[in-house]
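Have a look at this one.
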2 protein chains.
Amino acid sequence: MKIDKFSKEILQELKIDGRISNIDLADKVGLSPSACLRRVQELERQGIIKGYRAILDNRKLGIGFSAFVTVGLSVHTKDSQQAFEQAIEKSDEVLECHNVTGPYEYLLRVETADLVAYKTFHTDVLGDLPQVATISTHVIMESTKDERK
Amino acid sequence: MKIDKFSKEILQELKIDGRISNIDLADKVGLSPSACLRRVQELERQGIIKGYRAILDNRKLGIGFSAFVTVGLSVHTKDSQQAFEQAIEKSDEVLECHNVTGPYEYLLRVETADLVAYKTFHTDVLGDLPQVATISTHVIMESTKDERK
DNA sequence: CAATAAAGGCAATTTAATTTCGTGGGAAGT
DNA sequence: ACTTCCCACGAAATTAAATTGCCTTTATTG
């Protein structure tokens, strides 16, 4: 099955409300509940829908500090990269880790309770990795748009 | 109601699978379905759960190009910032827009079908905004970690 | 220690998800 | 152009889940 108009609409709605009932979804896209459900299940089976996530309010949960952190490595071997990635994988503070082109190798998204907690992360996690050469922090003051939240 | 052990577990599970059935969720956290449901609804009412989203596989949907883009403004007035933010708001290619500290003002996350489409965005959207002074693109080669996807 | 409030569990009810089955419309082949 | 076949549809029945009402338990406080 290819992604036609109906499936596009289904994905669009599920991106907005991943917990919409199948009946309401069917109604919105103009299909019967059974046809709609079959499409959703097929999209899941194909891996086009990878999953569903609840979106939490970090502020209300005590997360008061978010930043992007760029990291440059001193060595660029495969081993060195893997070691870094493994260390990052373990760290709860790091929500995202992207390997990017440009003057530094990695762009991280980090979230902590406050600046003090960030400093700890900065020193104990990043500062402790031998392959890390440069660290630059860009504190998020405001997120004007965040469609993935 | 404060966030006790049960609610923490509920949030944890919903972050992983936002569409888990209430019965399964109740079972996982060790509550009865009714008690569990009341907690979830309370968390939603308090805005701690902001919503639910389906997570899609962009690659399978024809998104082959993702990048972080830093933007510096030539003017730093409130008006200028608002004009920029409004333009960004309208752009489908921009998934995130963060106002950050550092040598540039904004960090964007942009996704397009391919490099050609990105060039169009770069020229027609960013290049067309009078307040934009500097643009720097950091292509994502790989995302080692992305807990928000 | 009793009163009261807050949260829990059970069971009944409402609502939704899922399955089954028959039908129609379009594609492929003759 | 006709026939066959297949795919996806919708309707209805069935199964399962969400939700509600009510009573019980637990925890708090005067």
Side-chain angles (χ1 to χ4, degrees), chain A residues 1-64 92 113 146-149, chain B residues 1-64 92 113 146-149:
Chain A
M1 191 197 292
K2 67 173 179 298
I3 301 176
D4 60 5
K5 202 170 176 309
F6 283 125
S7 293
K8 272 220 183 70
E9 273 194 76
I10 287 173
L11 292 175
Q12 183 58 35
E13 291 299 332
L14 288 177
K15 234 175 16 173
I16 296 167
D17 179 5
R19 241 186 158 172
I20 186 173
S21 77
N22 182 56
I23 288 177
D24 290 349
L25 180 60
D27 192 47
K28 280 208 177 191
V29 304
L31 281 174
S32 68
S34 55
C36 183
L37 182 67
R38 276 189 293 262
R39 275 169 179 269
V40 172
Q41 289 175 336
E42 180 61 16
L43 289 165
E44 289 170 351
R45 200 195 55 72
Q46 291 182 5
I48 292 171
I49 296 173
K50 295 204 284 188
Y52 302 88
R53 297 266 172 88
I55 309 305
L56 309 184
D57 187 326
N58 283 333
R59 190 128 319 191
K60 289 186 178 159
L61 290 170
I63 298 290
D92 291 337
D146 197 343
E147 299 197 345
R148 317 201 313 150
K149 250 196 192 156
Chain B
M1 190 195 293
K2 67 173 178 298
I3 302 176
D4 60 3
K5 203 169 175 308
F6 284 124
S7 293
K8 271 220 182 70
E9 273 195 77
I10 286 173
L11 292 175
Q12 182 58 35
E13 291 300 331
L14 288 177
K15 238 182 2 182
I16 296 166
D17 179 5
R19 242 188 157 172
I20 187 173
S21 77
N22 182 55
I23 289 177
D24 290 349
L25 180 59
D27 193 47
K28 281 208 178 190
V29 305
L31 280 175
S32 70
S34 54
C36 183
L37 182 67
R38 277 189 292 260
R39 274 170 179 269
V40 171
Q41 289 176 336
E42 180 62 15
L43 288 165
E44 288 170 351
R45 201 195 56 70
Q46 291 182 6
I48 292 171
I49 296 173
K50 295 203 285 188
Y52 302 89
R53 297 266 172 89
I55 310 305
L56 310 185
D57 187 328
N58 283 332
R59 190 129 317 195
K60 290 185 178 159
L61 290 170
I63 298 289
D92 290 338
D146 197 342
E147 299 196 345
R148 316 200 316 149
K149 249 196 192 157

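Bear in mind the structure is a predicted one, so any value in this text is a computation, not a measurement. Below, read A as the first sequence line, B as the second, and so on, with proteins coming before strands; counting in each chain starts at 1.
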May I have the step-by-step check of salt bridge (charged side-chain N to carboxylate O under 4.0 Å, His left out) for B/Glu9 and B/Lys5, ending in yes or no? CA-CA 6 Å; B/Glu9 273 195 77; B/Lys5 203 169 175 308; 3.7 Å; yes
Which residue lies more 5' along DNA chain D, comparing A/Arg19 with A/Leu31 via nearest heavy atoms: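 That would be A/Leu31.
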Compare the minimum distances between each of D/dA17, D/dG10, C/dA17 and the side chain of A/Arg38, then state the nucleotide with the smallest one.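 Output: D/dG10.
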Rounded to whole Å, how long is the line connecting atom CG of A/Leu25 with atom P of C/dT18?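 To the nearest whole Å, that distance equals 12 Å.
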Tell me which nucleotide among D/dG10, D/dT19, C/dC10 gets nearest to the side chain of A/Ser34.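 Nearest nucleotide to the side chain: D/dG10.
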Mark yes or no for whether A/Asn58, through its side chain, and A/Ile63, through its backbone, hold a donor-acceptor pair below 3.5 Å.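 Judged by distance alone, no pair lies under 3.5 Å.
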Nearest to the side chain of A/Asn22, heavy atoms from C-beta on, is which of C/dA17, C/dG8, D/dA8?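 Nearest to the side-chain atoms of A/Asn22, counting from C-beta on, is C/dA17.
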Starting at CZ of B/Arg39 and ending at P of D/dA18, how long is that distance when rounded to a whole Å?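 Those two atoms, CZ and P, are 17 Å apart.
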Output yes when a side-chain donor or acceptor of A/Arg19 lies under 3.5 Å from a complementary backbone atom of B/Tyr52, and no otherwise.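 Between the backbone of B/Tyr52 and the side chain of A/Arg19 there is no qualifying donor-acceptor contact (under 3.5 Å).
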In dot-bracket, 5' to 3', how would DNA chain D read with Watson-Crick or G-U wobble pairs under 3.5 Å, [ ] for crossing ones and | for pairs to another strand? ||||||||||||||||||||||||||||||
Rounded off to whole Å, could you give me the CD1-to-P distance for the A/Ile20 and D/dA17 pair?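 For the pair A/Ile20 CD1 and D/dA17 P, the rounded distance is 20 Å.
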Whole angstrom is fine here: how far is it from CG in A/Leu37 over to C1' in C/dA16?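 Going from A/Leu37 (CG) to C/dA16 (C1'), I get 10 Å.
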Let me know the distance between CD1 of B/Ile10 and P of D/dA18, rounded to the nearest Å.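 Roughly 13 Å, once rounded to whole Å.
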Could you report the tightest heavy-atom contact between B/Ile49 and B/Val40, atom names first, then the distance?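 Taking B/Ile49 first and B/Val40 second, the nearest heavy atoms are CD1-O, 4.3 Å.
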Quick one: closest heavy-atom pair of A/Cys36 and A/Asn22, and the distance?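 In terms of heavy atoms, the two residues are closest at SG-OD1, 3.6 Å.
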Check the phosphate of D/dT19 against B/Gln41, side-chain N and O only, distance under 4.0 Å to OP1 or OP2. Yes or no?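 Looking at the OP1 and OP2 atoms of D/dT19, one of them is under 4.0 Å from a side-chain N or O of B/Gln41.
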Salt bridge A/Asp17-A/Lys28, side-chain N to carboxylate O under 4.0 Å: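 No, A/Asp17 and A/Lys28 are not salt-bridged.
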Between C/dT15 (P) and B/Ile23 (CD1): distance, integer Å: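 Atom CD1 in B/Ile23 sits about 17 Å away from atom P in C/dT15.
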When you check the gap from the basic side-chain N to the acidic O, do B/Arg39 and B/Glu42 get nearer than 4.0 Å?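 Salt bridge absent between B/Arg39 and B/Glu42.
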With heavy atoms under 4.0 Å as the rule, sort B/Ser21 into base, sugar-phosphate or nothing.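 Sugar-phosphate: the residue B/Ser21, judged by heavy atoms under 4.0 Å, touches backbone atoms but no base.
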Nearest whole angstrom, please: distance from the C1' of C/dA17 to the CG of A/Asp24.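 Rounded to whole Å, this separation is 13 Å.
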A/Glu44 has an atom CD; how far is it from atom P of C/dA17, in whole Å?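 Roughly 12 Å, once rounded to whole Å.
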